[in-house]
Undergrad: 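Supplied in structure tokens, the structure appears directly below.
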Amino acid sequence: MRLMIAGGGGFRVPLVYRALASGAFAGLVSELVLFDVDPARLSAITAVLRAMPESDGGPHSGPNAGVQPPAVRTTTSLPEALAGTDLVFAAIRPGGTAGRINDERVAQDLGLLGQETTGAGGISYALRTIPEMLHLARQMGEFCPDAWLINFTNPAGMVTEALLPVLGRRVIGICDSAGGLVHRAARAAGLPLPDGTLDGVGYYGLNHLGWLHRLESGGGDLLPALLSDAAALSTFEEGRLFPQPFLQDLGALPNEYLYYYYQRDGAVAAMRAMAQTRGESIHHQQAELYPLLASAGADAYTLWDAARRSREEGYLAEARTHGEQRDEDDLAGGGYERVALAVMRALAGAGDAQLILNTPNMLPTGTGGAPASGSTTPEPAISGLPADAVVEVPCTVTPDGAVPLAQSAPGPEQLTLLQRVKEVERLAVRAATHGDRAAAVDAFSRHPLVDSPALGAKLLAGYEHAFPRLRGLWRG
């Protein structure tokens with residue numbers, strides 16, 4: 001199988017290669033094509049791959065002895081990268097990390113939450129990214145029409161929804177945040193889940209906006225007991241983000257990004273108190289690191305891995321109390337690439353998998369999703385949201401794609417928030433896809449973390465100033 005990564009000079013690409021070169025995914029991919037518009041970043045990342053030690057996925061022995069790591073090829077030509085490709089991973093960032101700084105700062109300067117994928121920053125990121133991803137999807141139609149696209153590119157839900165008219169069911173959005181929550185909570189409840197299995201798990205939401213609402217085992221739900229156990233909650237990150245009485249009253253475990261909704265004022269204050277934004281920290285780190293990697297020789301992997309751990313330690317720092325450290329499992333890496341490769345493995349026919357993914361909210365006929373008598377409308381996996389909207393839910397992945405599993409109905413407050421944010425997402429997709437500036441203003445204005453037409457107009461003006469090319473998106 002030939003795998004192409006769009007954004008092949010990205011910081012996390014070595015994690016994908018490491019997983020492909022060892023363990024359950026070894027031998028699945030024969031050729032890895034790294035495509036990027038920046039040849040210097042490609043050189044830096046290939047230096048890291050060459051320096052990867054045996055213990056971390058370099059040429060190895062042990063259970064995978066004799067299995068060769070995938071051959072690696074780099075290119076700055078998209079048609080060349082796509083020709084003959086079986087599957088595409090997309091993890092691009094138009095504007096680079098410098099763009100992320102503006103995503104965060106424009107909102108912060110207006111007194112709002114300045115976060116990469118949540119709120120105003122996420123909408124700005126989508127407006128820049130969706131046109132580039134649509135170009136990629138159309139090029140796939142020309143050069144590899146049978147290939148699947150597994151989308152890492154944030155904001156993953158909006159990007160995936162924008163690509164559906166071009167790629168249909170051959171696009172699947174992934175994020176490791178929801179799956180990580182489920183596995184951490186299951187361990188804390190005494191029910192560790194094997195990889196690729198979500199039996200008894202109930203989770204509903206949108207990307208970076210969801211809740212674990214059931215952990216079933218032996219006919220009973222273990223989640224209520226976990227939510228009442230402050231000591232057990234303190235053993236994993238999401239359990240520490242929110243007060244235990246709040247979680248018990250909620251009756252569910254929120255995705256970590258709901259911290260920005262439930263504790264918005266505290267998050268804004270913590271971010272404003274920081275010496276630099278998360279985007280500024282990452283931008284400065286990478287600006288120093290990438291030139292070093294290309295010429296570091298045997299030390300390239302060590303330099304990259306130290307930077308990776310430092311970056312993971314700073315993740316959601318505004319939500320952690322002073323001195324609190326992240327879990328070692330999270331610092332070790334291996335989250336999102338394991339999800340992506342598990343999807344790829346299932347698509348390749350190596351065994352079905354259950355994963356939380358971004359896919360249309362549409363149950364298949366014959367599995368509880370058949371239309372009601374006389375109706376042609378399919379049933380949604382999450383009731384109260386449109387069946388054609390992209391949602392984040394447990395799915396079964398087969399060679400035919402991702403099949404969502406029916407979920408319990410969200411509570412009234414959760415459903416209201418989901419409906420509001422989905423409306424915003426669809427406005428942002430319309431703005432980016434059709435060049436509709438009024439839809440962009442409405443997206444900013446109606447987001448629950450903005451909720452102001454005046455601020456919505458100021459946000460778009462601020463982002464247009466920060467990203468002059470954005471003005472060229474609008475039609476009429």
Undergrad: With Gln263, which residues qualify under side-chain contact (heavy atoms from CB on, under 4.5 Å), at least two apart?
TA: Phe242, Pro243, Tyr259

Undergrad: Would you give the length of the straight line joining atom CZ of Arg338 to atom CG of Asp176, rounded to the nearest 0.5 angstrom?
TA: 8.5 Å

Undergrad: Roughly how far, to the nearest 0.5 Å, is the CZ atom of Arg430 from the CD atom of Glu161?
TA: 12.0 Å

Undergrad: Below 4.5 Å, heavy atoms only, C-beta onward: do Met344 and Phe25 meet side chain to side chain?
TA: no

Undergrad: Please examine the side chains of Glu392 and Leu206, heavy atoms only from C-beta on, and report whether any two atoms are closer than 4.5 Å.
TA: no

Undergrad: Taking the six-membered ring of Phe236 as reference, does the cationic atom of Arg187 (NZ for Lys, CZ for Arg) lie under 6.0 Å from its centre and within 45° of its axis?
TA: no

Undergrad: Does the pair Asn151 and Thr160 meet the rule for a side-chain hydrogen bond (donor to acceptor under 3.5 Å, both in side chains), with working shown?
TA: CA-CA 7 Å; Asn151 176 51; Thr160 302; 3.3 Å; yes

Undergrad: Restricting to pairs with a member in residues 144-175, which pass ring-ring contact (aromatic ring centres under 6.0 Å, His included), not counting sequence neighbours?
TA: Phe89-Phe152, Phe152-Tyr336

Undergrad: In plain terms, say whether Arg12 and Glu337 are close enough for a salt bridge, that is, a side-chain N and a carboxylate O under 4.0 Å apart.
TA: no

Undergrad: Can you tell me how far apart OG1 (Thr153) and CG (Leu136) are? Round to the nearest 0.5 Å.
TA: 8.0 Å

Undergrad: So, Arg184 and Glu238, do they make that salt bridge, N to O below 4.0 Å?
TA: yes

Undergrad: Do Leu112 and Leu459 touch side chain to side chain, with heavy atoms closer than 4.5 Å?
TA: yes

Undergrad: Tell me yes or no: between the side chains of Ser177 and Asn255, is some donor less than 3.5 Å from an acceptor?
TA: yes

Undergrad: Measure from NZ or CZ of Arg41 to the centre of the six-membered ring of Tyr290, then state whether that distance is under 6.0 Å and the direction lies within 45° of the axis.
TA: yes

Undergrad: Between the side chains of Thr277 and Glu104, does any donor sit under 3.5 Å from an acceptor?
TA: yes

